[in-house]
Amino acid sequence: QVRLVESGGDSVQTGGSLRLSCRASGYTSCVGWFRQAPRKEREGVARIYDGGGVTDYADSVNGRFTISRDNTKNTLFLQMNSLRPEDTAMYYCTASYRCGGAWHIPERYDFWGQGTQVNVTA
């Protein structure tokens with residue numbers, strides 16, 4: 001069992017930046033971020049695996065968000081720049097022992113954090 005604890009969520013204005021962190025109790029090769037807005041399905045934001053060598057991003061955040069990890073501290077990050085109101089959501093950290101295709105499907109992951117709220121105001 002891997003425990004995940006997110007932090008860094010806040011309220012910011014459009015165009016602002018935030019950095020989310022996720023501390024894990026153990027190492028897994030595949031980690032990522034999802035988000036869920038009210039009345040919407042949970043959607044994949046970004047994923048990183050194999051020691052940080054490969055990353056995937058949702059089209060909606062590509063070029064604005066950067067996922068990274070510090071394996072020495074079992075910590076995952078999501079740097080979010082040029083934030084937009086449509087980025088408002090609860091952001092969840094997730095992890096799996098193995099990575100595969102269809103990274104954006106929540107059922108692919110074994111462990112989830114409790115989430116951290118991001119609000120972007122116009």
Side-chain angles (χ1 to χ4, degrees):
Q1 188 77 11
V2 175
R3 184 167 179 255
L4 303 171
V5 180
E6 304 96 333
S7 62
D10 205 345
S11 293
V12 296
Q13 292 185 332
T14 296
S17 297
L18 282 175
R19 189 191 196 206
L20 305 184
S21 299
C22 173
R23 186 69 184 269
S25 61
Y27 173 81
T28 57
S29 62
C30 189
V31 288
W33 292 95
F34 278 68
R35 67 185 181 186
Q36 189 166 18
R39 297 174 298 280
K40 291 189 177 181
E41 293 186 354
R42 191 168 295 193
E43 63 170 347
V45 175
R47 178 189 69 171
I48 187 169
Y49 68 101
D50 291 339
V54 182
T55 57
D56 296 285
Y57 294 94
D59 290 343
S60 59
V61 307
N62 198 20
R64 299 188 297 124
F65 291 10
T66 302
I67 189 171
S68 61
R69 65 189 300 177
D70 182 345
N71 290 337
T72 64
K73 299 179 180 179
N74 283 335
T75 302
L76 177 68
F77 303 100
L78 185 68
Q79 178 66 43
M80 306 187 295
N81 299 327
S82 302
L83 283 162
R84 305 166 179 169
E86 54 264 39
D87 295 318
T88 294
M90 184 72 79
Y91 282 71
Y92 296 91
C93 177
T94 188
S96 179
Y97 289 118
R98 288 180 290 183
C99 273
W103 68 271
H104 58 284
I105 298 177
E107 288 76 14
R108 293 277 185 173
Y109 298 86
D110 302 314
F111 309 108
W112 292 86
Q114 293 300 307
T116 186
Q117 181 68 37
V118 172
N119 293 315
V120 185
T121 58

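Note that the coordinates shown come from a computational prediction; the quantities given were computed from them, not determined experimentally.
E6 places a side-chain N or O within donor-acceptor distance of the main-chain N or O of Q114, the cut-off being under 3.5 Å. Here the side chain of S21 pairs no donor or acceptor atom with the backbone of F77 at under 3.5 angstrom. The backbone N or O of G15 lies less than 3.5 Å from no partner atom in the side chain of S82, so there is not a single donor-acceptor pair. Judged by distance alone, with hydrogens and angles left aside, the side-chain atoms of Y49 form no donor-acceptor pair with the main-chain N or O of G32 at under 3.5 Å. Proximity of a side-chain donor or acceptor of Y109 to a complementary backbone N or O of W103 within less than 3.5 Å is detected.
Inter-residue side-chain proximity for V2 and D110 is flagged as unmet; no heavy-atom pair is nearer than 4.5 Å. Contact annotation: the side chain of Y92 never approaches that of L4 to less than 4.5 Å [non-hydrogen atoms, C-beta and beyond]. Contact check for S25 versus N74: no side-chain heavy atoms found under the 4.5 Å cut-off. Between S96 and F111, every side-chain heavy-atom pair lies at or beyond the 4.5 Å cut-off.
From R3, atom CZ reaches atom CZ of R23 across 11.0 Å, with rounding to the nearest 0.5 Å. Of the inter-residue distances, the one linking R98 atom CZ with C30 atom SG reads 11.0 Å to the nearest 0.5 angstrom. The distance from the CD1 atom of I67 to the CG atom of D56 is 9.0 Å, given to the nearest 0.5 Å. To the nearest 0.5 Å, atom CZ of residue R69 and atom OG1 of residue T28 are 5.5 Å apart. Rounding to the nearest 0.5 angstrom, the gap separating the CZ atom in R108 from the OG1 atom in T94 is 12.5 Å. Taken to the nearest 0.5 Å, the CZ atom of R47 stands 9.0 Å off from the CZ atom of F34.
The two residues Q36 and K40 make their nearest non-hydrogen contact at NE2-O, 3.1 Å. Residues T116 and S7 share a closest heavy-atom pair of OG1-C, 4.0 Å. The heavy-atom pair separating A58 from G44 by the smallest distance is CB-O, 3.4 Å. Closest approach of L83 and L18 over heavy atoms only: CD1-N, 3.9 Å. Listed here is the closest heavy atom pair of A37 and A89: N-CB, 3.9 Å. The two residues T14 and A122 make their nearest non-hydrogen contact at OG1-CA, 3.4 Å.
Among the candidates E86, R84, R35, the single residue satisfying the side chain to side chain contact (heavy atoms under 4.5 Å, CB included) test with S60 is R35. Between S17 and the options Q79, R64, M80, a side chain to side chain contact (heavy atoms under 4.5 Å, CB included) holds for only Q79.
The environment of CD in Q117 is crowded: more than 12 heavy-atom neighbours from other residues, nucleotides or ligands sit within 6.0 Å. Environment of CD in Q13: sparse, with no more than 12 heavy atoms of neighbouring residues, nucleotides or ligands closer than 6.0 Å.
Taking the six-membered ring where tryptophan is involved, the planes of Y91 and F65 are tilted, since the angle between them lies from 30° to 60°.
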- Task: Take L20 and V118, measure what side-chain contact (heavy atoms from CB on, under 4.5 Å) needs, and give me the verdict at the end.
- Result: CA-CA 9 Å; L20 305 184; V118 172; 4.1 Å; yes
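When only modelled atom types and interatomic distance are considered, N119 and T88 share no side-chain donor-acceptor pair under 3.5 Å.
No single ILVMFWY cluster, assembled from side-chain heavy atoms under 4.5 Å apart, contains both L76 and W112.
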